[in-house]
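In what follows, a single structure is set out as structure tokens and then discussed.
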There are 2 protein chains.
Amino acid sequence: MKIGELAKRSVLTAHTIRYYERIGLLPYADRDRSSRRDYDGSILVWIEFLGRLKTTGMPIRDMLLYADLRDRGSGTEAERRALLERHRESVRAHVDELNACLLVLDTKIGGYAETEQRMKDYDATLAERRRKPVGARSPRTR
Amino acid sequence: MKIGELAKRSVLTAHTIRYYERIGLLPYADRDRSSRRDYDGSILVWIEFLGRLKTTGMPIRDMLLYADLRDRGSGTEAERRALLERHRESVRAHVDELNACLLVLDTKIGGYAETEQRMKDYDATLAERRRKPVGARSPRTR
DNA sequence: CTACGAGTTTGAGCGCGCTCTAAGTCAAGA
DNA sequence: TCTTGACTTAGAGCGCGCTCAAACTCGTAG
């Protein structure tokens, strides 16, 4: 698979794939005789996992640590696990924070909804008054 | 309240407070006779709300839209509400995404845990063999 | 044979959100 | 009076994560 094809099959652009290789997030890809990158489909799994780390807010710096442990292979499992566990906790904490913010947002939106409802009620009252005027006055608009 | 005091009482630095004022995220603060900013405690509520928007990933560009509607006062409630509702949906979507990633992370970590358990089992087996050697061979280390 | 399109490299540039510097002003305390 | 330190401004600089530009090389289709 050439870089263009990989770009289509992943969420990354060819530019980003080269950039990730440069910084070490993607392994150095084998080149064909004309020095073009030729990928194995298995790289997609790694890219997808990197995507999860990115989505969950892990900085590239930390992804590099993980990628390095992975490259070093067996014997690094405990460290990799520890890294992911630390990250998981920070993601959980962030989710909790977001949920707390969602409550505040709900309250705020609820406040606007009430205001809107009061305005509708007021309009309805005015309409009612136009239909059944209270005094001797005729209905008016201002 | 002077800017230093406000910085202490909020999560922002004095630098950031000035920056936010410059870009319009904080209202232009009244100055005392020596042109120093003098704040009313009520600004803290607004800063806190901006913090929620920031935590939930709203870009400054959008906060400025909201701040502008707020400055324009009554008549902008519907728009403000719509803005917050759109944001709320995007935050909810993001939380869902994070939760999905957490599942993947759990699986990955679970995989490392299994490997670790297999290693412990293996170690235990070796220890067992050292205590009750099977053949006529004496226990060895390599 | 030539033109095209997809790839290569190195390195510059960008958008975001701050963060800091430099040079100056001012008020209060020793 | 002098010093200290918190403040003022305009503008430069930074870390992150890309994103693009320039100049070049190939392989293939017409």
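Throughout, protein chains are lettered first and strands after them, A, B, ... in sequence-line order, and every chain is numbered starting at 1.
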request  = Dump the intermediate steps for side-chain contact (heavy atoms from CB on, under 4.5 Å) on B:I3 and B:D38, then the final yes or no.
outcome  = CA-CA 7 Å; B:I3 199 172; B:D38 208 344; over 6 Å; no
task = Would you mind reading off the distance between A:K2 atom NZ and C:dA6 atom P, rounded to a whole angstrom?
result = 13 Å
query = Got a sec, which hydrophobics cluster with A:L126, joining ILVMFWY side chains under 4.5 Å apart, including via others?
reply = A:Y122
query = Are there more than 12 heavy atoms of other residues, nucleotides or ligands under 6.0 Å from atom CG of A:D30?
reply = no
query = Between A:F49 and A:Y66, how do the two ring planes meet: parallel, tilted or perpendicular, split at 30° and 60°?
reply = tilted
note = Residues of residues 9-33 of chain A with a heavy atom under 4.0 Å from any atom of DNA chain C, listed by number, are A:R18, A:R22, A:R31
inquiry  = Using whole Å, what does the distance between atom P of nucleotide D:dT19 and atom CD1 of A:I3 come to?
reply    = 14 Å
query = Once you round it to whole Å, what is the distance between P of D:dC7 and CG of B:D38?
reply = 11 Å
query = Taking only side-chain nitrogens and oxygens of A:R37, does any of them come within less than 4.0 Å of OP1 or OP2 of C:dT8?
reply = yes
query = Are the side chain of B:T56 and the backbone of B:R52 linked by a donor-acceptor contact shorter than 3.5 Å?
reply = yes
message = Looking at every non-hydrogen atom in both residues, tell me the closest pair between B:R80 and B:G73 and how far apart they are.
response = NH2-O, 3.1 Å
Length of the line joining A:L6:CG and C:dA6:P, which is rounded to integer Å = 16 Å
Sub-4.0 Å heavy-atom contacts from residues 49-67 of chain B onto DNA chain C, ordered by number = B:K54, B:P59, B:I60, B:R61
task = For the pair A:D40 and A:M1, evaluate side-chain contact (heavy atoms from CB on, under 4.5 Å) and give the outcome as yes or no after the intermediate values.
result = CA-CA 6 Å; A:D40 180 327; A:M1 192 187 344; over 6 Å; no
key: B:L98 versus A:T55, closest heavy-atom pair with distance   = CD2-O, 3.6 Å
